[in-house]
Amino acid sequence: MTVIPIPEIKMQVRAIAMLAALEKAGASPIEVPQFHAFAFFANVLSPVWELEPVKGSVLKRKSGPFYPELQESIEVLIAKGVVVVERLRYEPAENGSRLAASIRIDLRRAQPVLSLCAIMPDEMKIALFLEELAFVFVEIEPASVDEAVEVDATYSAPTATEDRVVDFAEWQDPAVANFSVRAARRLQAHAPEGVSLSRAEELVLYMRLMKRRVAALGG
Amino acid sequence: MGGNFGGIADDELKQFMKDVAIADDAGVTSMARFSRSVATLLAKREIKPEQEGIATFVLSDSVANELVNAAQGSLKRLSLLSNGNDPIVGRVWIASGTLKDACFVDQPAATEDEARNILAAHNLDGRPTVLVDARNQPWLARLYPLGMAQSEHWIEVHRVDGPLPAQLVEETVTRFWRNCLRTPALTKISQTPVWQKAAKGIPMARPEQRIQSRLHDVLFGAFPRRRIRSEQRTEEGRGDIFIIADTTTQYHAPAQSTDWVLELKALCDMRSTATAVPSAKKLADEAIRKGLSQAIGYKKSQNGVQAALCCFDMRKADEGHASTFAVISGDAAKENVHLWHWYLFRSSTAARA
């Protein structure tokens, strides 16, 4: 019998939950780099929903955020048939070309996992958070998703330089280092009189701010 | 307090909040989003050439799965249906809540019954559906939250810009009660049931908040041209639900008008801890008096056009409208506050009696 370490199972379950949320929002199939971008927002904004991020740091690369453990999970899930590769093509990269894949979840195969998650309160809370995030994430044009990460408060902080790890909760105190959550919560201070923002509203407004910042980049 | 927000300046956050509307779509269910997405699509399609007929939109958690499950070639996929560039009438659509991803089959229906039969034939009649009647102008839309097989459960999607008459709002809340609250079985359908043990009259903790969140969802889907705000702070406290219209002033500046203030009260004679509420009648009267005073206060502070006190009665005996509101009916009439009452049956048998 193969023993799978718990962190790997957790990562696979989270990958399934994220892809299911994107599927529900009509945002799939999704290019793998865009999926990593979604995972970045899911991590950095999870404290808005009072959830722990799965990963408290990310390597800031020119080509966008990338989580090796998540990628490994996706590949395992592809092998299991839970994640389907819809399109595969070569695209230009720094050193020649690379394989670019669009993926989606196969809900029939993922159903046993999702059904189990649906009766676990913590997983239900995560699913609600991811659904809320997916429905607003889909408002950003797929081609602009990388830019949306670039303009994120944490990712674009002056201290976050390229090819360095952006740490917002790994070793750093998230209350100090997670600028995205600080900015999302700060929106309340500027809300019209009488308006109390819910966590869902903070999340949605923050993502719409990202969309607006991306649009501003385009002039 | 300023503070450090990494790559974003506080002034930018401030300007953003000045420029955008508060996201009233945050936290609503995918079904409510779906209803609103269809309404937005109708506004785009109604002004373009379309045949007369009926269109049905069925909500799907996975359009890709629909295509896998369907017979080869029977469904055609269409991305970005939400853009409004494709004819919609005469088709059965299976779509995501955002309408970003969809597939369809050409199957014209001349009547609602025919549309229902078509969905049944495709085994789609148990899924949330919006039926669009495009036989006459303006087009009409109706949400069937439990699917068209349960045709008695529906909510009209009101795409009106003008004032919302009291009858329309009362009918919508009544439909909500009929679809979601009337019997214990109905209250269990959502993730926020209101009864713990209905037969014994034991409510879940804070039933009023649960009803409020579900009603918010229904109103969001039913009034796509309005913003629905819950728990808005005022000098008098937090208003339960405000129905707000975006408008412009005579000087063309953006403005808001609070069309409706809805103050909700859940009347119980048992607590969630399974103990009886002492002096339940007295407490209910106090809650109703407080509710009226809040409705009046919010209406004044928000310049509300209309206000209603909505009582969801979870007590053992249904006292009826007149007796429930006896202590405030005179004051409510003077202040033009509508008094609405719905009774939550403790069993389906009682509801049928």
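Order of the sequence lines fixes the chain letters, A, B, ..., with proteins taken first and strands second; residue numbering starts at 1 for each chain.
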Is there a donor-acceptor pair under 3.5 Å between the side chain of B/S62 and the backbone N or O of A/E23? no
Whether the side chain of A/R186 engages the backbone of B/D10 through a donor-acceptor N/O pair (distance < 3.5 Å, no angle test) should be reported. no
Which atom of [X] lies closest to which atom of [Y], heavy atoms considered:
{"X": "A/V204", "Y": "B/A23", "value": "CG1-CB, 3.5 Å"}
{"X": "A/L205", "Y": "B/A21", "value": "CD2-O, 3.9 Å"}
{"X": "A/A200", "Y": "B/G27", "value": "CB-N, 3.7 Å"}
{"X": "A/R104", "Y": "B/V68", "value": "NH2-CG2, 3.9 Å"}
{"X": "B/I22", "Y": "A/E201", "value": "CG2-OE2, 3.9 Å"}

Taking B/D25 first and then A/R208, would you say they form a salt bridge - that is, a charged N and a carboxylate O separated by under 4.0 Å? yes
Is any NZ, NE, NH1 or NH2 atom of the basic residue among A/E132 and B/R33 found under 4.0 Å from an Asp or Glu carboxylate oxygen of the other? yes
So do the side chains of [X] and [Y] get within less than 4.5 Å of each other, counting heavy atoms only?
{"X": "B/R229", "Y": "A/V195", "value": "yes"}
{"X": "A/E131", "Y": "B/S30", "value": "yes"}
{"X": "B/I8", "Y": "A/Y206", "value": "yes"}
{"X": "B/T98", "Y": "A/K24", "value": "no"}

Just wondering, more than 12 heavy atoms not from [X] lying within 6.0 Å of its [atom1]?
{"X": "B/K14", "atom1": "NZ", "result": "no"}
{"X": "B/R225", "atom1": "CZ", "result": "yes"}
{"X": "B/R206", "atom1": "CZ", "result": "no"}
{"X": "A/E141", "atom1": "CD", "result": "no"}
{"X": "A/Q111", "atom1": "CD", "result": "yes"}

If you look only at pairs with a residue in residues 118-130 of chain A, which of them pass as a side-chain hydrogen bond (donor to acceptor under 3.5 Å, both in side chains), with sequence neighbours excluded? none
Give the member of B/E12, B/K18, B/E231 that has the highest number of heavy-atom pairs under 4.5 Å with chain A. B/E12
Only pairs of heavy atoms separated by less than 4.5 Å count here; which of B/K100, B/R238, B/Q15, B/Q302 has the most with chain A? B/K100
Can a cation-pi geometry be assigned to A/R212 and B/F16, taking NZ or CZ under 6.0 Å from the six-membered ring centre and within 45° of the ring axis? no
Find the one option among [options] whose heavy-atom pairs under 4.5 Å with chain B are most numerous.
{"options": "A/R213, A/E193, A/E202", "value": "A/R213"}
{"options": "A/S196, A/A177, A/A160, A/P192", "value": "A/S196"}
{"options": "A/T154, A/V138, A/D152, A/V136", "value": "A/V138"}
{"options": "A/P29, A/S156, A/A27, A/A191", "value": "A/S156"}

Out of curiosity, [X] [atom1] to [Y] [atom2], how far, rounded to the nearest 0.5 Å?
{"X": "B/F5", "Y": "A/N178", "atom1": "CZ", "atom2": "CG", "result": "12.0 Å"}
{"X": "B/D19", "Y": "A/L209", "atom1": "CG", "atom2": "CG", "result": "10.5 Å"}
{"X": "B/D101", "Y": "A/L22", "atom1": "CG", "atom2": "CG", "result": "12.0 Å"}

Could you look at B/A9 and say if it's the side chain, the backbone, both or neither that has a heavy atom under 4.5 Å from chain A? neither
